[in-house]
Every structure is written in C-alpha cells, then in structure tokens.
Amino acid sequence: MAGMNAKRIEILGVPVDCVTMQDAVATAEQMIAGERPAGYIMAVNPEKVVSASSDPAILGQLRSAALLIPDGIGIVIAARLFGLAHLSRVPGAELMPRLCEMAARRGYPVFLYGAKPEIIQEAASALQRDFSGLRIAGTQHGYVTAEEMSALVERINASGAKLLFVALGSPRQENWMARHFSQLTTICVCQGVGGTFDVLSGRIARAPRFFQILGLEWFYRFIKQPTRLPREINRFRFGFRVLRRWLAALFTRLRVTNTK
Ligand code: UDP
C-alpha cells in the first residue's frame with residue numbers, strides 16, 4: 001500500500017522520507033486508522049538541513065518525526081545530484097489542505113493552533129468553505145504563554161481532534177511538537193505548517209504560479225521582503241555545501257576511472 005515504509009534518505013546528514021504527496025496522505029490515514037503509530041509530520045527544507053547540521057537538538061527532533069516530507073526544491077535537487085532518489089516536492093502548505101480534504105471525507109475532527117488571533121479565524125472559515133463537512137474541533141492562536149500551555153493541551157485533548165496543525169513558524173513549531181506531542185491523547189497526526197494559516201486567511205499571497213513551478217517561491221519572497229536576507233543565508237549555505245559534496249564525489253570518481 002502506498003505510504004508504507006517509505007525509504008528514508010539523508011541529505012548532508014539530515015533525514016528525509018521518499019514520499020509523494022499521495023504517499024504522505026496515505027501515511028496520515030494509516031496513522032489515524034491505527035495501522036501506524038501516531039506521530040508528527042515535519043517539513044525538510046534547505047534552511048532546516050543547515051540548522052540541524054549545527055544543532056543536535058533540531059536533528060533529534062527531525063529524527064523523531066513519523067514523516068519527513070521533502071518540502072523544498074533544494075532537497076529534491078540534492079537528492080538527485082547525490083544519486084539518492086528521484087523525489088518530487090511535497091510542500092507542507094499543499095499537504096495541509098490535502099489532509100483537510102481527507103479529514104472532511106472521513107469525518108475526522110481537526111484542531112488548528114498558531115498564527116495571530118484574527119488570522120486563525122479567517123483560516124478556519126476558509127477551510128470550512130473549501131472542504132464542506134470539515135469538523136474543526138477547536139482553534140487557538142499562536143501566542144500562548146508558558147503558563148497557559150497545559151490548559152491548551154487539555155483543550156486539545158478534550159476536543160477529540162484526530163489531526164492537529166501547528167503554525168508557529170520554525171523552529172518554534174518543531175520545538176512545540178517534540179515537547180508536547182506525547183501529552184496529546186487523541187491526536188494521531190500533527191503537522192507543522194509554518195505560515196500556512198496566513199496564506200489560507202488570504203492576507204498573504206503565495207508566489208505567482210510561475211515562481212511556484214520553477215521552485216523559486218523563496219526568491220519571490222526575498223525580492224518582496226529583502227529583510228528576509230539573514231534567513232535566506234542558510235539557503236545559500238545549503239547550495240554551497242551540496243555543490244561542494246557533489247564536486248568532491250565527482251573528482252573521486254574521475255580519479256578512480258583514471259587509475260584503472
Ligand atoms: N507565530 C505564532 N506564534 C509565535 C510566533 C509566530 O503563532 O510566537 C506565527 C505567525 O503569526 C505566523 C507563523 O507563526 O503565522 C510564521 O511566523 P514567522 O513568519 O515569524 O515564521 P517563519 O516564517 O520565520 O518560520
């Protein structure tokens with residue numbers, strides 16, 4: 001069955017699962033049906049690979065995920081260059097609506113946590129409009145204090161939700177999932193979705209289709225918001241490391257061929 005035991009590869013020491021969008025949805029369905037252990041879904045992109053390579057805590061969180069989706073085009077390119085896999089992108093922002101579609105179809109309640117108070121309401125309305133019958137068991141904005149956290153966990157548990165989407169940005173949402181997932185009693189699938197609620201609310205537009213197709217959404221965001229440059233640095237660092245690793249492998253191969 002699709003989604004069963006996908007191969008897990010490593011890009012610069014950071015794990016990624018070789019799944020398609022369809023596999024990812026099937027895996028989530030199996031988690032909810034109890035055919036697989038409950039767990040969390042994290043997106044792997046170039047920035048996370050770079051931060052995980054210098055922060056064992058982040059690497060540990062990624063390793064503990066039930067599913068690691070190849071979110072960024074950089075991951076797809078690196079997997080291809082290293083001869084590890086022919087992946088296609090599974091953007092977290094696209095997986096979330098697919099999971100909501102599945103949840104609506106099967107009657108699984110969902111809980112939304114993250115983003116600003118007005119945004120989360122608009123995102124919830126947009127989802128209910130797009131997926132008729134979707135049961136939103138609860139919502140919570142993303143500015144909960146440490147003191148309020150146990151009340152939030154109780155509220156999620158009391159809601160009976162099966163899926164939880166956490167939109168706190170990275171690495172906040174990964175920290176939250178790694179820390180609190182074990183306290184969630186009814187959640188089978190928890191996905192970290194970054195700024196997806198902002199996009200769903202309609203307040204932040206995704207890049208035009210042209211940029212999406214070329215995998216250049218990051219570039220579009222960068223030209224719209226140059227203050228993101230410090231965040232983009234890790235993306236360039238990733239490109240540089242991938243290239244260096246690839247060239248090293250190429251030279252090794254050439255040397256081997258020449259000495260034969
Ligand atoms: N966010 C949140 N709680 C916080 C910080 C951020 O819910 O304490 C939300 C924010 O409103 C936005 C999303 O997390 O919806 C992504 O935020 P940001 O753009 O700062 O994160 P990044 O894109 O850098 O991961």
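Quick caveat, the model's predicted, so the values are computed rather than measured. In each ligand, atom 1 is the first atom listed, and ligand 1 is the first ligand listed.
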the protein heavy atom lying closest to atom 21 (O) of ligand 1 turns out to be G169 CA, 3.7 Å
Which of V16, V76, N45, V44 passes side-chain contact (heavy atoms from CB on, under 4.5 Å) with D71? It is N45
On a heavy-atom basis, the closest approach of C18 and A6 is O-CB, 3.7 Å
Test D198 against S201 for side-chain hydrogen bond (donor to acceptor under 3.5 Å, both in side chains), laying out the working first. CA-CA 5 Å; D198 298 81; S201 75; 5.7 Å; no
Which bit of H141 is near ligand 1, meaning a heavy atom under 4.0 Å away: side chain, backbone, both or neither? neither
Nearest non-hydrogen protein atom to atom 12 (C) of ligand 1, with distance, is D198 OD1, 3.3 Å
Counting only heavy atoms from other residues, nucleotides and ligands, does the tally under 6.0 Å from CZ of R179 exceed 12? no
Could you check if a side-chain atom of W176 sits within less than 4.5 angstrom of a side-chain atom of L168, using non-hydrogen atoms only? yes
Within reach of ligand 1, part of L168 (heavy-atom separation under 4.0 Å): both
Distance from atom 9 (C) of ligand 1 to nearest protein heavy atom, with residue and atom: A167 O, 3.6 Å
At a 4.0 Å cut-off, with the gap strictly under it, does some heavy atom of Y143 reach an atom of ligand 1? yes
Which residue holds the protein heavy atom closest to atom 3 (N) of ligand 1, what is that atom called, and what is the gap in Å? G142 O, 2.7 Å
May I have the step-by-step check of side-chain hydrogen bond (donor to acceptor under 3.5 Å, both in side chains) for Q121 and S125, ending in yes or no? CA-CA 6 Å; Q121 289 319 322; S125 312; 5.8 Å; no
Atom 22 (P) of ligand 1: closest protein heavy atom, distance to 0.1 Å, is R231 NH1, 3.4 Å
Checking a contact table here: which protein heavy atom is nearest atom 25 (O) of ligand 1, and how many Å away? S170 N, 3.0 Å
min-distance protein heavy atom vs atom 7 (O) of ligand 1 -> A115 N, 2.8 Å
Between P117, G194, G192, G114, flag the one that comes closest to atom 13 (C) of ligand 1 by a heavy atom. G194
Looking only at protein heavy atoms, which one is nearest to atom 5 (C) of ligand 1, and how far off is it? R172 NH1, 2.8 Å
Exercise check, heavy-atom protein proximity under 4.0 Å to atom 18 (P) of ligand 1: no
Are any of the side-chain heavy atoms of L112 and Q140 separated by less than 4.5 Å? no
Under 3.5 Å, is there a donor-acceptor pair between the Q61 and S64 side chains? no
Classify the ring geometry between F181 and Y40 as parallel (under 30°), tilted (30 to 60°) or perpendicular (over 60°). perpendicular
